[in-house]
2 protein chains.
Amino acid sequence: MVANMQNRTSAGHRTGRPRSAAADAAILEATRAALIELGWSKLTLGDVALRAGVAKTTLYRRWAGKNELVVDAVAELFDELELPDRGSLPADVEGAVLQFATVLDRPETRTALMAVVAEATRDEPLRRRIRASIVDCQKQLVLEGRARAQARGELPAEEDPEAAARTADLIFDMVAGAVVHRTLVSGEPVDPRWARSFTRVLLLGLAGAAEAAAQD
Amino acid sequence: MVANMQNRTSAGHRTGRPRSAAADAAILEATRAALIELGWSKLTLGDVALRAGVAKTTLYRRWAGKNELVVDAVAELFDELELPDRGSLPADVEGAVLQFATVLDRPETRTALMAVVAEATRDEPLRRRIRASIVDCQKQLVLEGRARAQARGELPAEEDPEAAARTADLIFDMVAGAVVHRTLVSGEPVDPRWARSFTRVLLLGLAGAAEAAAQD
DNA sequence: AGCTTACGCTACGGCTCGTAGCGTAACTGC
DNA sequence: GCAGTTACGCTACGAGCCGTAGCGTAAGCT
């Protein structure tokens, strides 16, 4: 649940006409539709307002601009991501990879995700917004998966919390990075076969690295 | 050497006034300067022309638009990438990772790379251009590194060429994806320590996967 | 020379941006 | 009910950039 981190910062005003939640939903939906039809670069806020059936000024009252609006629109798609229990660590990783790839396969995600990341390189608030509403909830899945594997006895419990955090970051960048790169840069599909190969390399590598670290 | 794949499609015209190579260089340099100062979204072709000291119409005579121009401008930065022989496969991978990260650390690369990739999701010719002038020459380094490792005896020779190609693609997406993701999405630096951890996981994973495959 | 192509310059219609201003609608507390 | 407060729709506007047309000039080739 992303839930409008942009408005009513907390314990917001109680008087006056409340903002229409229906308008919020219509705008975000219209934004995704416009992304599919026009792509990021040709998307205009005037067009989104027209599709959503609201005035252009309403958009500017709620979002600072195109960047913030699109982040919220695609963040909802990433909310679907969950981590179904498939019984073993390799199966879980493979499932997560395929699920992530499914979201990245949507045309609105493809065109929008890289664009807002590019914008974020020169916009610190936008970067925070992306992290809070998209990236961090993905990283959460990594932590969840590790905890599950430790409960199953497939992974040893971590002793050094700092090292554990670094490893989690490494895993996250490797998984998300590889899937994104294959999908958007190489332009090749993330099919079950690729997911299987990738998962195998990743898990064998992590197991070997943990073993080597234990010998230090 | 990117060398203007956009002009004079082959055996181009020989009569008339030739295009100024100095103008080409000035334009690409001005484009990078504008990327640094303004970023992708605020970069305008009129401004680039002003900086380069050429007429705006000259830009449109050589490039179809902003996308193509920026691709050529950043492609020159990736031309620097080489694969110095560091004596062992892990050292080579680590060096390549750090070198790649250095290019991604430049402000003009950070803001431009993701942006053109985003544009390319709805523009097939642009995708081909990016592949030809940026991606493929990176992938070449992977093949070069593997050949070198095989010559050293660190890797077995491949028997199945198709499987070898798939593995090379997997490695490429894992390396480039992880570095890009850490730099541009997570926003954390790719320092020697991270490069070391990453390389260890990758190579141990590949070794383990090759071993497992041999047993099939 | 004469031909051919590149270049600089000006000017233009068209589009999008983001905002200001106003009247109306919706909800709250007295 | 009524007054206060906030959201909404609508119109209009200056500003900026886009991409192109048209023209005169510059730089090579034969």
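Naming: A, B, ... by sequence-line order, numbering from 1 per chain. When reading the values below, keep in mind they use all heavy atoms of this one structure, side chains included, and skip hydrogens, waters and symmetry mates.
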Report task. Write down the distance between CG (Leu69(B)) and P (dC18(D)), rounded to a whole number of angstrom. Result -> 11 Å
Report summary line: From CD of Glu68(B) across to P of dC18(D) the rounded distance in Å is 14 Å
Requested in this report: Would you indicate, yes or no, if dA7(D) has its OP1 or OP2 atom less than 4.0 angstrom from a side-chain nitrogen or oxygen of Thr58(A)?
Outcome: no
Query raised in the report: Do other residues, nucleotides or ligands put more than 12 heavy atoms under 6.0 Å from the CD atom of Gln150(A)?
Result: yes
Requested in this report: Please determine if a side-chain N or O atom of Arg19(B) lies less than 4.0 Å away from the OP1 or OP2 oxygen of dA6(C).
Outcome: yes
Report summary line: Atom CG of Leu50(A) and atom P of dG9(D) are separated, to the nearest Å, by 12 Å
Report summary line: Rounded to whole Å, NZ of Lys42(B) lies from C1' of dA15(D) at a distance of 15 Å
Query raised in the report: To the nearest angstrom, how far is Asn67(A) atom CG from dT16(C) atom P?
Result: 18 Å
Report, one line per pair, each donor and acceptor closer than 3.5 Å where one atom sits in a side chain of residues 169-177 of chain B; sequence neighbours left out.
from	atom 1	to	atom 2	distance (Å)
Asp169(B)	OD1	Lys139(B)	NZ	3.3
Asp173(B)	OD1	His181(A)	ND1	2.8
Asp173(B)	OD1	Ser186(A)	OG	2.7

**Report entry** Selected nucleotide, minimal atom distance to Tyr60(B) side chain, candidates dT19(C), dA26(C), dG19(D)
**Finding:** dG19(D)
Query raised in the report: Does the distance from a Lys or Arg side-chain N to an Asp or Glu carboxylate O, for Arg32(A) and Glu76(A), drop under 4.0 Å?
Result: yes
Query raised in the report: Got a salt bridge between Asp85(A) and Arg152(A), using NZ or NE/NH1/NH2 to carboxylate O under 4.0 Å?
Result: yes
Report task. Select base, sugar-phosphate, or nothing to describe what Ser20(A) touches, counting heavy atoms under 4.0 Å on all strands. Result -> sugar-phosphate
Query - Glu119(B)/Lys66(B) ion pair, N-O < 4.0 Å - result: no
Query raised in the report: If you check the Leu45(A) side chain, which of dA7(D), dC10(D), dG18(C) turns out closest?
Result: dG18(C)
Query raised in the report: Given that Asp47(A) and Gly16(A) both sit by DNA chain C, which one's nearest nucleotide is further toward the 5' end?
Result: Asp47(A)
Query raised in the report: Which one, dC17(C), dT5(C), dA26(C), comes nearest to the side chain of Thr44(A)?
Result: dC17(C)
Report task. Please state how far atom CH2 in Trp63(A) lies from atom P in dT19(C), giving the value in whole angstrom units. Result -> 16 Å
Report summary line: Result for 5'-nearest mapping on DNA chain C, choosing between Lys56(B) and Ala23(B), is Ala23(B)
Query raised in the report: Can you tell which of dC8(D), dT4(C), dA21(D) lies closest to the side chain of Arg17(A)?
Result: dC8(D)
Query raised in the report: Of the nucleotides dG8(C), dC18(D), dG9(D), which one has an atom closest to the side chain of Ala55(A)?
Result: dG9(D)
Query raised in the report: So does Arg61(A) get a side-chain nitrogen or oxygen closer than 4.0 Å to the phosphate oxygens (OP1/OP2) of dA7(D)?
Result: no
